Amino acid sequence: MKNIIQPVKGTRDFYPEQMAIRAWLYSILRQVSESFGYQEWDGPFIETMELYAAKSGEELVKEQSFVFQDRGGDFITLRPELTPSLARMIAARQNELAFPVRWWSFGPFWRYERPQKGRTREFFQWNADMLGVNSPEADAELIAVAAAFLKAVGLTPGMALILVNNRRLMEAEFDALGILPEKRLEVSGLVDRSNKMEVDKWEAYALESGLSRTQLAGLKTLLENKELWRKSDELVRLFAALKALGVEDYVRFDPNIMRGLLYYTGTVFEAFDLTGGVRRAILGGGRYDNLLAEVGGEPLSGVGFAMGDVVLGIVLRERGLIPSFPPSPALTLVTVFDESLWLDSYALAADLRRAGIAVTCYPEPAKLPRQFKFADRMGMRVALVIGPDEATDGQVTVKDLRSGTQEIIQRAAVAPAVQRILASE
RNA sequence: GUGGCUGUAGCUCAAUCGGCAGAGCACUUGACUGUGGAUCAAGAUGUUGCGGGUUCAAGCCCCGUCAGUCACCCCA
């Protein structure tokens, strides 16, 4: 223990147990994404620093990304997000792609931040985007994808909701309150924080940032107005589309949702666990209009969202929604009785594999209790024994590990017998 | 980047005022020389994160450092 080299800060080891969960999540993402016709894609895990600097400003990249110089002296960044790669790859094939583009991806990302609950330095993220359509109905589709996912992992509308707002609506309201355009960003940040801070602290903070008392009062009224969405044609259409898509139970209007990102221009949304211990967003996204222009492409509108695996994992664990998987993918063990019968066991295992059964053969003659214990710990269902008695008669002992019953049968009948046990509940 | 808390056996954690480093689970062996889970018995296990300091004596106090964790910040 003492001299084992430490893992890199903020990384997670995926032992088979955790890897099974990751694979399970991946399979659900695939199923949900593909049910809406999204194509899987991926970009490189490393990109030039310029790609991110173009969009987010160099400070952010240098301080919160992993950046290193390659041997040629170029600055390389471990990707902290996927959207710039998406913009770059779309822009490079802008004239040949069949729009609207619907793409999804699941892969690793890195951010050089201080780890805490729900935040690691290496994490996996699911991204889904649609480009080439600018409509509230397209926004609704992405929200429906997100809702379909929540449903697929067992999160009901009582557990998690997608909160929706619209930036254009909020900006119009800010204007109506006499908040100057150059103040919008700061006020957006303020709005974003309104749920996280205590009320009086928040108000003091608001006044400090230059809002008048009337403006503050107006802002508070605004943020409590659950019907505000009716003033936005885009949101009215969005909610109508969500209803048609059958996911309205998962979605609520919430004027507090702004999202920090500069590039969102219209609809924005975030999914939250309603009652759990984590306050962080499970997923978040929105409409962006100018992304491609920033990497040198023609202007193209898009909408998309991203979901990290870390917060989701915490939520699912708290809710008991992560299924358990047997440790071994092979649920059948062929034991090795002794040295003289070793290869008989190997041959039996090979036979069963030819019959399409996943089989582990114990790799050496060991005491049977040890071999059975191994089968038990690996969550196996069937154990097979060829001892001297069985060998003489061309037979095999087949034991159902769950019921504890066993029978001695002819070797040719072993495969069907094993399959029967595996098929039983 | 700022602040709080925590580092003791593989894991979860005890250890009184600074006075012999322990328990449960897991592990190994046996009860049971052809059968796992259950039970019983026995056994093994430590650079108390690391480095320094104070002290007759440090897991405990002090300084530093590393790691974990929580909050702030940020959240692409």
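Fair warning: this is a prediction, and the values are worked out from it, not measured in the lab. Residue numbers begin at 1 in each chain, while the letters A, B, ... track the order of the sequences.
Here the P atom of nucleotide C72(B) and the CD atom of Gln64(A) are 15 Å apart, to the nearest Å. Following rounding to the nearest Å, Asp400(A) (CG) and G37(B) (P) show an atom-to-atom distance of 16 Å. Atom CZ of Arg377(A) is separated from atom C1' of U35(B) by 17 Å (rounded to the nearest Å). Taking atom CD of Glu50(A) as the reference point, atom P of A76(B) lies 22 Å away to the nearest angstrom. Rounded to a whole Å, the CE atom of Met307(A) is 16 Å from the P atom of A76(B). Taking atom CD of Gln371(A) as the reference point, atom C1' of G37(B) lies 17 Å away to the nearest angstrom. One can place CZ of Phe372(A) at 13 Å from P of G34(B), the figure rounded to the nearest angstrom. Distance CZ (Arg111(A)) to P (A76(B)): 7 Å, rounded to an integer number of Å.
Comparing the same atom, P, in G18(B) and in C62(B) gives a spacing of 11 Å after rounding to whole Å. Distance noted for atom C1' between U39(B) and G46(B): 30 Å (whole Å). Straight-line distance between the P atoms of A14(B) and C73(B): roughly 32 Å, to the nearest whole Å. If you take atom C1' in U48(B) and the same atom in C20(B), they sit 15 Å apart, rounded to whole Å. With P as the reference atom, A41(B) and C60(B) are 36 Å apart, rounded to whole Å. For A9(B) and G49(B), the P atoms lie 8 Å apart once the distance is rounded to whole Å. Between A23(B) and U33(B), the two P atoms lie 30 Å apart (nearest whole Å). For the P atom pair drawn from U69(B) and G52(B), the interatomic distance equals 28 Å after rounding to whole Å.
Among the protein residues, Gly10(A) comes within range of the sugar-phosphate backbone only, with heavy atoms under 4.0 Å from sugar or phosphate atoms but none that close to a base. At a threshold of 4.0 angstrom between heavy atoms, the contacts of Glu390(A) include nucleobase atoms, whether or not backbone atoms are also involved. Within the nucleic acid shown, Gly404(A) comes within 4.0 Å of at least one base atom, counting heavy atoms only. Base engagement by Thr397(A) is indicated by at least one non-hydrogen atom pair under 4.0 Å involving a base atom. Nucleic acid contact class of Phe374(A) (heavy atoms, under 4.0 Å, all strands): none. Contacts of Arg370(A) with the nucleic acid, taken as non-hydrogen atoms under 4.0 Å apart, involve only primed sugar atoms and P, OP1 or OP2. Nucleic acid contact for Arg402(A): base, since at least one base atom lies under 4.0 Å from a heavy atom of the residue.
Within the shown strands, G68(B) is the pairing partner of C5(B) under the Watson-Crick or G-U definition, both distances less than 3.5 Å. Remark: A41(B) base-pairs with U29(B); criterion is Watson-Crick or G-U wobble with both hydrogen-bond distances under 3.5 Å. Under the Watson-Crick or G-U wobble criterion, with both distances below 3.5 Å, C61(B) is paired with G53(B). Base-pair partner of G36(B): not found among the strands shown (Watson-Crick or G-U wobble, both distances under 3.5 Å). If you check G22(B) for Watson-Crick or wobble pairing at under 3.5 angstrom, you find it paired to C13(B).
Aromatic ring orientation, Trp126(A) versus Phe149(A): tilted (interplanar angle from 30° to 60°).
Minimum atom distance to the side chain of Asp389(A) is reached by G34(B), of the listed C74(B), G36(B), G34(B). Distance from the side chain of Lys373(A) is smallest to G36(B) among G34(B), G36(B), C73(B). Out of A71(B), G68(B), G37(B), the shortest distance to the side chain of Lys9(A) is found at G68(B). When each of C75(B), U35(B), C74(B) is scored by its nearest atom to the side-chain atoms of Val385(A), the top-ranked nucleotide is U35(B). Relative to the side chain of Leu368(A), the nucleotides G36(B), U35(B), A76(B) differ in distance, and U35(B) lies closest. Here A71(B) is the nucleotide among A71(B), A76(B), C74(B) with the atom lying nearest to any side-chain atom of Lys117(A). The side chain of Gln116(A) has C72(B) as its nearest neighbour among C74(B), C72(B), G34(B).
Considering only side-chain N and O atoms, Arg259(A) lies nowhere under 4.0 angstrom from the phosphate OP1 or OP2 of C74(B). Contact check, Arg114(A) against U69(B): no side-chain N or O comes under 4.0 Å of OP1 or OP2.
Salt bridge status for Lys183(A) with Glu186(A): present, with a side-chain N to carboxylate O gap under 4.0 Å.
If you check distances only, the side chain of Asp376(A) never reaches the base of G37(B) with a donor-acceptor pair under 3.5 Å.
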| Would Trp202(A) and Lys220(A) count as a side-chain contact (heavy atoms from CB on, under 4.5 Å) if you check the C-alpha gap in whole Å, the side-chain angles of each, and the deciding distance to 0.1 Å? | CA-CA 11 Å; Trp202(A) 183 77; Lys220(A) 284 174 67 179; 3.9 Å; yes
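With a 4.5 Å cut-off on side-chain heavy atoms, Phe239(A) and Val251(A) count as touching. Side-chain contact between Ile46(A) and Thr77(A): absent, with no pair of heavy atoms (C-beta onward) separated by less than 4.5 Å.
Taking the ring centre of Phe109(A) as origin, the terminal cationic atom of Arg111(A) falls outside the region bounded by 6.0 Å and 45° from the ring axis.
Few gaps surround NZ on Lys226(A); more than 12 heavy atoms of other groups in view lie less than 6.0 Å from it. More than 12 heavy atoms of other residues, nucleotides or ligands lie within 6.0 Å of CZ in Phe36(A), so this atom counts as buried by the packing criterion.
Between Leu82(A) and Ile386(A), the residue anchored closer to the 5' end of RNA chain B is Ile386(A), taking for each the nucleotide with the nearest heavy atom. Where Arg119(A) and Pro369(A) each meet RNA chain B at their nearest nucleotide, the meeting point lying more 5' is that of Pro369(A).
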